[in-house]
Amino acid sequence: MTGLQCVKGMHDILPTDMPGWHFVEQSFKELMSQYAYREIRTPVLEPLELFVRGIGDATDIVEKEMYTFADKGGVDLALRPEGTASIVRAYIQHGLDRQNSINKLFYIGPMFRRERPARGRFRQFYQAGAELIGAGEPAADAEMIEMAVRFVQRLGISDTAVLINTLGDADTRKSYRDALRSYFRHQADRLCQDCIRRLENNPLRILDCKVTACIEACKEAPLLHEHVSPTAMDHFSALQQKLSLLNVDFKVQPRLVRGLDYYTRTIFEIQGGVDTLGAQSTIVGGGRYDGLIAQLGGKPTPTIGFAFGIERLLLLLKEDRFPPETRKIFVTGAGDDDYCHMVTIASMLRDAGFTVETPYASGSLRSHMKRAARSGARFTAIVGEEEWQTGCVVLRDMQTGEQEAVAIEQLAGKMMEKQ
RNA sequence: GUGAGAAUAGCUCAACGGUAGAGCUCCGGCUUGUGGUGCCGGCUGUUGCGGGUUCAAAUCCCGUUUCUCACCCCA
């Protein structure tokens, strides 16, 4: 294992891994299409300022966990750490709101975060997500959550839980944060070191600390929902009613919070695979961020979205769910002189839509059959001089071992009916 | 970023101070027109890397890199 290798936290996705990737990506694209979402692709490289303004520099994120550098012209650039800010940038830049008052967008692509790597957590990882821009109604939230739930179901992941909460509006956050600070200042001697730091940085995070003493200290903490405006609470109730109508099971989790400031009102997570994923059991996360577009220079527009990391999701998938390779056939001759016959048949079958492999080396039919078996092809067609003369091939079903002579012009049809 | 564990053939692992091994995979053969089961044979390693201790290090010690687990963070 000497020599060149991947940069820390980066990983190769090898051909044997691909069935899972295709399954996830195609399932997601199909789902998005069913809800009339359209794909958008944005650059991996963005102005650093996009994330500074979008995510905020209050946390460690921008400073410590983003890949940033000064370009030769002196412009500060960043490898995108997430999808949302770029989507919003493109939305504003191209005036998408003038084409449609509602934009339903989805994306898939690599993101970059300079975190400590762990199982299912990489520094370059693939994320996919959906954004619904221009609809602030509870029905929009409901559809977003429903899509996320249907997606996870479609992948065959069971034992999941859908958690929802409301963070109220922008001013709710401020007043609640102040209330938490003044409450926890009097509890400071009970809190762990991390939480004492969170007290100034990000007091909401104290609420989901795992230390027993902190959990105790939280018990009498002021409740977020007491600070949420009646309007926002109505929004949240309406969302819950609609989710019930959509037959989506959910649990209100009043302590569910987000690290970033731009979230407003609805936030949600799907958790699953606690046994497999350990502490990283959140597989889909989303929420409403009605203030972000204005923050990035657009006109105020309500927006909600969700996103998931593909690597983490793949850890939960069972391989037998991936569709097997079908319509594959191995075509071989019986001797060196059959090359011409072999490639003619191969060509014909490719035109008919089959995946076709042929042997390159000369060798015994035996060795070619061995290769055919290892190729995973369902069928093998043998075309030797004998067959060529009579205008047929020997078609062998590699699963059952049955074989028969089939006329060349009937070959494609014959395989179709057998699959 | 903090703390802990791991690293041996392509893969899963054994050897735990005394010449580095197995299973699987891969390659070839077992009547030159029949594979996946069987039998026979073959390839592959500076034991992650660099130092140290020792007559002798995969094995003990130090450093380093990568991975893994928990924490931090989580867009």
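Protein chains get the first letters and strands the later ones, always in sequence-line order, with residue 1 at the start of each. Hydrogens, waters and symmetry mates are skipped; everything else that's a heavy atom, side chains included, is used.
Contacts of A/Arg371 with the nucleic acid, taken as non-hydrogen atoms under 4.0 Å apart, involve only primed sugar atoms and P, OP1 or OP2. Among the heavy atoms of the strands, none lies under 4.0 Å from A/Ala372. Residue-level contact check: A/Arg198 touches the backbone only, with heavy atoms under 4.0 Å from sugar-phosphate atoms and none from bases. Among the protein residues, A/Gly401 comes within range of the nucleic acid bases, having at least one heavy atom under 4.0 Å from a base atom. At the heavy-atom level, A/Glu387 lies under 4.0 Å from base atoms of the strands shown.
Only the P atoms considered, B/rA58 is 37 Å distant from B/rC71, to the nearest whole Å. A gap of 44 Å separates the P atoms of B/rG51 and B/rC40, to the nearest Å. On the C1' atoms, B/rA70 is 46 Å away from B/rU37, given to the nearest whole Å.
In this structure, A/Arg366 does not reach the B/rG36 phosphate: none of its side-chain N or O atoms is under 4.0 Å from OP1 or OP2. Between A/Arg205 and the phosphate of B/rC74, there is a side-chain N or O to OP1/OP2 separation shorter than 4.0 Å. At B/rC73, none of the side-chain N or O atoms of A/Arg121 fall inside 4.0 Å of OP1 or OP2 (strictly under the cut-off).
One distance of note links CZ of A/Phe112 with CZ of A/Arg80; it measures 7.0 Å at 0.5 Å rounding.
Applying the 3.5 Å distance criterion, the base of B/rU34 shares a donor-acceptor pair with the side chain of A/Gln403. Counting distance only, with no hydrogens placed and no angle test, the side-chain atoms of A/Gln127 and the base atoms of B/rA75 include no donor-acceptor pair under 3.5 Å. Donor-acceptor pairing under 3.5 Å, judged by distance alone, is absent between the side chain of A/Arg116 and the base of B/rC67.
Side-chain proximity of A/Arg119 to the nucleotides B/rC73, B/rC69, B/rC67 is greatest for B/rC69. With distances taken from any side-chain atom of A/Met398 to the nucleotides B/rG35, B/rU34, B/rU68, the minimum falls on B/rG35. Taking every side-chain heavy atom of A/Lys370 into account, B/rG36 is the closest of B/rG36, B/rU66, B/rU34.
Taking the six-membered ring for Trp and the full ring otherwise, the centers of A/Phe250 and A/Phe268 sit at least 6.0 Å from each other.
Within a 6.0 Å radius of CZ in A/Arg350, other residues, nucleotides and ligands contribute more than 12 heavy atoms.
Across all strands shown, B/rC16 forms no Watson-Crick or G-U wobble pair with both key distances under 3.5 Å. Pair assignment for B/rG41 gives B/rC27, based on Watson-Crick or G-U wobble hydrogen-bonding distances that are each under 3.5 Å. Using Watson-Crick or G-U wobble geometry with both donor-acceptor distances under 3.5 Å, B/rC73 finds no partner in any strand shown.
Residues A/Leu155 and A/Phe23 have side chains in contact (heavy-atom distance under 4.5 Å, counting atoms from C-beta outward).
At a cut-off of 3.5 Å, with distance as the only test, a side-chain donor of A/Glu131 or A/Thr84 sits close to an acceptor on the other residue.
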